[in-house]
Amino acid sequence: MNNLIFNFKSKDSKKIKNPKNLLGGKGANLSEMGRMGLPVPPGFTISTKVCEIFYKDKKKLNSKLTNQIKKEIKKIEKDVSKKFGDLKNPLLLSVRSGARVSMPGMMDTILNLGLNDKTVVALANKTSNGRFAKDSYRRFIQMYGNVVMGVESYNFEELIENYKLTKGVLLDTDLDEEDWDGLINDFKNVVKEKTSKDFPQDVYHQLFGAISAVFLSWESKRAKVYRKLNQIPSEWGTAVNVQSMVFGNMGNDCATGVVFTRNPSDGSNDIYGEYLINAQGEDVVAGTRTPQYITKKARKEAKVVDASMEESMPEVYHKLYKILKKLEKHYKDMQDVEFTVESNKLWILQTRSGKRTSKSAVKIAVDMVREKLINKNDAVLRVDPNSLDTLLHPTLDERSSIKVIANGLPASPGAVSGKVVFSSEEAERLNEMMQDTILVRVETSPEDIQGMHAAKGILTSRGGMTSHAAVVARGMGRPCVSGSSEIEINYDKKVFKTSSTEIKEGETITIDGSTGRIILGTVPTIKPEISGDFSKLMSWADKIRKLKVRTNSETPLDTQTARDFGAEGIGLCRTEHMFFDEERILSVREMILSKTLDDRSNALKKILPHQKKDFMEIFKIMHGLPVTVRLLDPPLHEFLPKSDKEISEVANVVGSDKKDIESRIEELHEQNPMLGHRGCRLGISFPEIYEMQCRAIFEALADLKKNKQKFAFPEIMIPLVSTEAEIKIMKDLVINTARKVQKENKTKIEFLVGTMIELPRAAIKADDIAKHAEFFSFGTNDLTQTTFGISRDDSGKFLNDYIDNKIFTIDPFVSIDDGVKDLVEIAVSKGKKQNKKIKLGICGEHGGDPKSIKFCSKAGLNYVSCSPYRVPIARLAAAQAELTKNKN
Ligand code: ADP
Ligand code: MG
Ligand code: MG
């Protein structure tokens with residue numbers, strides 16, 4: 001079998017294993033449609049293999065190839081009874097690029113190839129339509145001059161615009177044959193002037209030039225940049241499609257258009273698209289004329305008077321409708337189809353899977369199962385889990401007027417409006433007064449947690465998609481636009497500036513964390529719906545997946561949200577966030593700054609009832625499901641007073657000098673707090689803190705039991721363990737505290753004790769640790785930080801350089817790194833060897849990332865845990881992981 005050139009109708013291409021690899025996406029579908037007997041203009045595909053040969057032959061088409069191409073042209077000539085370059089009835093061609101995946105940056109299509117000063121006259125005579133022939137020729141000179149000869153298109157546009165000005169007309173359609181004649185001359189002169197070459201008159205010269213230009217465009221700068229961004233290998237190469245022309249610009253019984261087999265924005269089963277009468281090629285998308293609707297229904301809904309295709313060309317419309325149904329049945333997916341009508345005859349020029357919104361993706365997948373086009377597994381695989389994000393948050397009502405004042409990164413989805421505030425305190429103050437705010441900061445830090453909670457949305461001028469603001473906002477489900485370099489914040493004056501305006505504190509803005517838009521004033525939003533098709537799809541996913549999905553949550557609100565989204569427990573309940581509450585922070589500070597054990601115990605006694613109350617709430621909401629509570633983790637200095645006022649307050653309560661407090665703060669200062677006195681190291685130094693926390697957990701459970709209320713199953717998690725001795729000491733502490741509480745309350749409480757695996761030593765020595773741990777939860781945020789020795793909060797400064805230099809292909813804090821994967825696998829295998837029943841989970845940000853979830857499923861973990869708003873994403877991703885477990 002010759003694998004270089006394939007006629008659309010040839011049976012050879014049916015035998016190809018991966019037709020898209022050899023023929024490109026467009027070519028593969030053209031030949032598939034050809035074999036289905038659809039009206040595709042005759043033509044052939046020059047395969048990606050030829051692209052390879054072209055580059056090997058020093059960017060030339062060798063004579064063997066040019067001879068084969070000539071033979072194929074002969075076939076087309078026979079098919080359509082026209083001749084390439086003929087002076088009576090000339091065949092015209094289109095030359096179209098087509099890689100495996102659709103790729104902006106590749107060469108634009110050249111239409112009307114084969115026209116020259118003589119054939120254009122023949123075409124005019126043959127069609128008795130001089131205007132059409134001249135219009136086609138000038139289009140060809142424009143396209144060929146631009147993409148093959150490198151003359152920038154504005155040179156041509158300018159000539160047309162100037163000409164229309166002198167003639168006093170507005171539209172291209174107002175120009176007649178003589179007008180185009182003059183312009184054709186001008187175009188040829190521009191080509192000569194810019195390239196010192198005449199516009200080629202030899203039709204084969206034109207054809208080989210165009211084919212070579214397609215191959216050359218594979219290595220163009222634009223294409224290379226696109227490949228890099230989308231991780232497309234440069235070896236793939238592109239195919240070229242050569243096809244006889246059909247004309248949508250020959251008169252009013254001609255048209256060209258684009259149509260989807262279903263509505264791509266809401267998924268309804270109505271064909272949807274646009275067309276233009278008497279037009280060619282990309283006129284529909286070029287925006288020079290307003291296209292009309294395909295269906296009468298869409299036209300009416302849009303309240304437009306211009307006739308739809310259904311009304312103006314009813315017969316052709318019905319043919320098109322039938323073909324669209326056939327295509328959808330054949331490809332079993334929604335199709336995006338390009339067509340042209342020449343003198344009332346319909347031609348199909350392209351089909352491919354249509355791009356769609358997440359809402360329509362879900363609807364189409366579920367509908368197609370109902371229609372028995374696909375099965376449930378197919379449907380589950382059809383929807384991109386990450387795209388669900390937009391369905392889980394309010395979105396802007398795009399029908400309202402939207403005035404964008406600046407843009408930033410779409411860091412956390414959802415749209416909200418609120419008053420601009422520049423400090424966390426102000427956000428909290430207004431929150432108490434039931435007012436919605438947008439917290440605007442250069443960047444955020446752990447002290448802003450309360451303010452971020454109090455605000456409805458977060459906007460920062462610095463920091464990327466994994467900055468503190470972005471990560472915390474996603475975790476909380478707060479919309480966030482981060483790193484908007486277009487805004488300039490002045491904290492002193494309490495304003496931020498954009499290029500066009502200045503916004504003062506208290507003014508209302510809207511941020512759209514799904515697109516990164518910053519908008520003046522309030523914009524109405526549309527509430528998410530997790531019912532109907534969406535919940536149906538989720539129920540299919542739940543039946544397929546083996547991996548459980550838990551959530552990271554420490555507030556009753558988040559816990560309830562997560563449970564509503566289908567969370568099967570809590571994988572990480574951080575206890576320190578409970579410390580930041582205004583009422584409690586003073587007692588926490590008192591506890592930290594106490595000089596004696598007695599003082600500390602007193603302060604802890606004040607905190608205990610608060611923690612207990614928090615746990616009771618959470619245990620109630622998660623009744624019947626496991627809740628993993630992590631004991632205190634961050635370095636103590638995070639809780640320390642900063643302002644003078646705060647220091648005086650604490651001095652007052654502790655009953656000591658301000659100076660004393662200041663020197664204690666000095667003492668607690670650490671050079672490298674991330675690697676400092678934190679995690680179980682705190683529990684070793686101050687066991688009374690962990691005892692208080694365990695007591696709060698167990699007393700909460702004892703009370704719930706006494707009150708005959710339903711409660712969750714507790715799993716006590718010790719953070720930052722790296723040695724066997726640490727986990728042993730901490731486990732004893734937990735068990736002893738449990739004993740005391742059980743005795744005091746004369747009740748029995750079931751619980752597990754386990755550890756986070758977040759340090760390389762813990763992963764490597766997992767067998768020792770598993771002697772005392774009943775579960776492991778992989779804290780992949782810290783594990784990534786400590787494996788690389790990179791601080792996540794500082795990585796923004798060099799991450800881009802690392803990506804530019806191909807050291808990282810993706811931010812390792814977003815998608816789990818290979819080295820970290822190895823550590824997880826070591827820990828899993830050693831942990832299981834020591835303790836067959838050990839429970840395994842992950843609670844880092846990666847727990848909500850579909851790629852990482854696939855790894856977790858493979859690695860044999862029992863569950864993933866992610867932020868409440870990612871729970872449905874993780875459920876779907878876990879099902880996909882199960883369905884594709886034998887593929888990589
Ligand atoms: P893209 O990859 O950008 O979609 P295409 O190769 O599909 O590029 O070409 C762009 C447009 O050119 C098509 O939508 C179609 O209208 C027009 N076109 C391509 N081939 C032909 C042809 N053989 N006859 C008429 N028009 C064509
Ligand atoms: Mg295009
Ligand atoms: Mg196309």
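It should be emphasised that the depicted structure is a prediction, and the values quoted were computed from it without experimental measurement. We count ligands from 1, going down the list as the structure has it; atoms in each ligand are counted the same way. When reading the values below, keep in mind they use all heavy atoms of this one structure, side chains included, and skip hydrogens, waters and symmetry mates.
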Part of M245 with heavy atoms under 4.0 Å of ligand 1, whether side chain, backbone, both or neither: both

The Mg ion (ligand 3) to nearest N/O/S of Q350 below 2.8 Å: yes

G281: numbered ligand 1 atoms lying under 4.0 Å from its heavy atoms: 12 (O), 16 (O), 17 (C)

Aromatic plane relationship, F215 with F54 - under 30° parallel, 30 to 60° tilted, over 60° perpendicular: tilted

Option whose closest heavy atom lies nearest to atom 13 (C) of ligand 1, chosen from Q243, Q280, E342, E338: E338

Short N-O contact, K59 and E219, less than 4.0 angstrom: no

I232/M103 under side-chain contact (heavy atoms from CB on, under 4.5 Å): CA gap, chis, key distance, verdict: CA-CA 10 Å; I232 296 172; M103 232 177 88; 4.2 Å; yes

Sub-4.0 Å atoms of ligand 1 with respect to non-hydrogen atoms of S94: 20 (N), 21 (C), 22 (C), 23 (N)

Option with minimal heavy-atom separation from atom 26 (N) of ligand 1, where the choices are L349, T109, V258: L349

Any donor-acceptor N/O pair, S31 side chain to F8 backbone, under 3.5 Å: no

Whether S244 lies under 4.0 Å from ligand 1, heavy atom: yes

Ligand 1 contact by K26, heavy-atom criterion under 4.0 angstrom: yes

Nearest-0.5 Å distance, CG of residue L327 to NZ of residue K322: 14.0 Å

Electrostatic pair R517-E398, nearest N-O below 4.0 angstrom: yes

